[in-house]
There are 2 protein chains.
Amino acid sequence: MIDTKGKILDTAERLIGEYGYSATSLRHIISEAGVNLAAIHYHFGSKEELLDELIVRKAGPVNAERLARLDRLEAGGESPAPAVEKVLEAFFLPMAEAADRDPGFVRLMGRMLSEGLMQGILEKHFQTVTGRYFRALRRALPVLSDEEFRWRLHFMIGAMAHTMCGQPDVTGLGGPSEGFHSRIERLIGFVAGGFHAPVRVAPGTEEK
Amino acid sequence: MIDTKGKILDTAERLIGEYGYSATSLRHIISEAGVNLAAIHYHFGSKEELLDELIVRKAGPVNAERLARLDRLEAGGESPAPAVEKVLEAFFLPMAEAADRDPGFVRLMGRMLSEGLMQGILEKHFQTVTGRYFRALRRALPVLSDEEFRWRLHFMIGAMAHTMCGQPDVTGLGGPSEGFHSRIERLIGFVAGGFHAPVRVAPGTEEK
DNA sequence: GTCTATACTGAGATAGAC
DNA sequence: GTCTATCTCAGTATAGAC
């Protein structure tokens, strides 16, 4: 057909978003897309590289928007540094907006994160963004030690990843699911509170 | 040999802790344990049920300690309710203590969480513990709406899962890894700050 | 350059002999 | 309880048709 590569990408995006990466076999993708098995390896090289292209396609615009917002924030030239909340908004809101435009976005990214398949891909495509935001947040929180700050960033990423993965069904209460946007607003509030929390571990008490 | 089942469990625990669940094949386990492939299916039924038994063996004592601590906390009969920080300590510290006693604990549980394989197992074996802690935290935070509270619990679980998975290497700075105990102390502080944070979303503004 | 047909290796699972 | 043989399905590699 005309665009084999495009059909593979679209079908893979839909199926992986629905069933997850591991549960979606290449043979399932090709049968729905109406292409040959080897075409995947011709165009992408491997299943993992196909995933990589999907992620880039989805996350690329979001990361661009994140950098643009941080540019504007830092161009303000505020004397101390942009406040934690402002930096968090610039980081998280582009994700929420992408989710509003494209309902498949959260499904796919959440699947990836929940299956723990993004370690390598994250480092490859997100390090520019995370590096700049890391430094911006660091400047907003000069009182924290390096070690404490790094861990709080780690906690934030964990909360974010889990939030993209699914509903909070731990309790079995269920309830109606709300929009992704307000979910992100809640996350920003929670994370900001975490960053501003008093430190429990005295600098000298650290082990190792 | 004498205890085929035990040898399978020990070997699987070691290999999965080292390489992860997906990357550890049953054939790898049997070759190291010196047993037959079919023995795994005879004793456990499937690879997933083998994992289930490993989790129970590791997490069972931790969950028992969690319930005991919550009992003591609630037996205090404090008029309002145990403070958020106290409840969080009762929940998280048994995990830290288990990690100190058994270095393999965090490795295995972290692997499980990072590979997203614990959804079903979590619900099966953790729901008693999480249910009771859910209610204890809810009593300590009466000002939050149901929806807001549920999401903050969700964020906490995400931060916890990510914390057990590994080091905060997002920044590429590395640095010496510290003990698990102080890592948990940092997590408690962060999460407590998150729970106490002011709510960003006005109750009427929620979507859907 | 693109795509098809087919074969290879390794995974988890299972039936049946001992 | 244990072991052999075998099944199905996965991702991958390659030879060759257009």
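Every chain is numbered from 1 and lettered A, B, ... according to where its sequence line falls, protein lines coming before strand lines.
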**Report entry** Pairwise 5' ranking along DNA chain D for A:Gly45 and B:Ala38, keeping only the more 5' one
**Finding:** B:Ala38
Query raised in the report: Would you say B:Thr4 reaches D:dT2's phosphate, i.e. side-chain N/O to OP1/OP2 under 4.0 Å?
Result: yes
Query - Euclidean distance, atom NE2 of residue B:His28 to atom P of C:dA11 [Å, nearest integer] - result: 10 Å
Query raised in the report: In terms of side-chain heavy atoms of B:His41, which of C:dT14, C:dA11, D:dT4 is nearest?
Result: C:dT14
Query raised in the report: Of the nucleotides D:dT12, C:dG12, C:dA13, which one has an atom closest to the side chain of B:Ser25?
Result: C:dG12
Query raised in the report: What nucleotide among C:dC3, D:dT4, D:dT2 has an atom nearest to a side-chain atom of A:Tyr42?
Result: C:dC3
Report summary line: Here the distance between atom C1' of C:dG10 and atom NZ of B:Lys47, to the nearest Å, is 12 Å
Report task. Would you mind classifying the nucleic acid contact of B:Ser22 as base, sugar-phosphate or nothing, using non-hydrogen atoms under 4.0 angstrom? Result -> nothing
Query raised in the report: Between A:Leu26 (CG) and D:dA10 (P), how many Å, whole number?
Result: 9 Å
**Report entry** Close aromatic pair by centroid cut-off 6.0 Å: B:Phe134 and B:Phe149
**Finding:** yes
**Report entry** Atom pair CG (B:Asp52) and CZ (B:Arg57), whose distance is rounded to the nearest 0.5 Å
**Finding:** 13.0 Å
Report task. For B:Leu37, answer base if it contacts any base atom (sugar-phosphate contacts may also be present), sugar-phosphate if it contacts only those atoms, and nothing otherwise; contact means non-hydrogen atoms under 4.0 Å. Result -> base
Report task. May I have the distance from B:His43 (atom NE2) to D:dC3 (atom C1'), rounded to whole angstrom? Result -> 12 Å
Query raised in the report: A:Ile29 CD1 to D:dG11 C1': how many Å, rounded?
Result: 11 Å
Requested in this report: State whether the side chain of A:His162 and the backbone N or O of B:His154 hold a donor-acceptor pair below 3.5 Å, judged by distance alone.
Outcome: yes
Report task. Walk me through it: do B:Lys58 and B:Glu53 pass the test salt bridge (charged side-chain N to carboxylate O under 4.0 Å, His left out)? Result -> CA-CA 9 Å; B:Lys58 285 286 178 188; B:Glu53 283 221 22; over 6 Å; no
Query raised in the report: Can you check whether A:Glu18's main-chain N or O pairs, donor with acceptor, with A:Arg111's side chain at less than 3.5 Å?
Result: yes
Requested in this report: Have a look at B:Ala39 and say if it touches a base, only the backbone sugar-phosphate, or nothing, with a 4.0 Å heavy-atom cut-off.
Outcome: nothing
Query raised in the report: D:dT2 P sits how many Å from B:Asn36 CG, rounded?
Result: 10 Å
Query - Nearest-angstrom distance from the residue atom CD1 of B:Ile30 to P of C:dG10 - result: 14 Å
**Report entry** Atom pair distance, as rounded to whole Å: OH in A:Tyr21 and C1' in D:dG11
**Finding:** 9 Å
Report summary line: Between A:Arg27 and A:Val35, whichever has its closest DNA chain C nucleotide further toward 5' is A:Val35
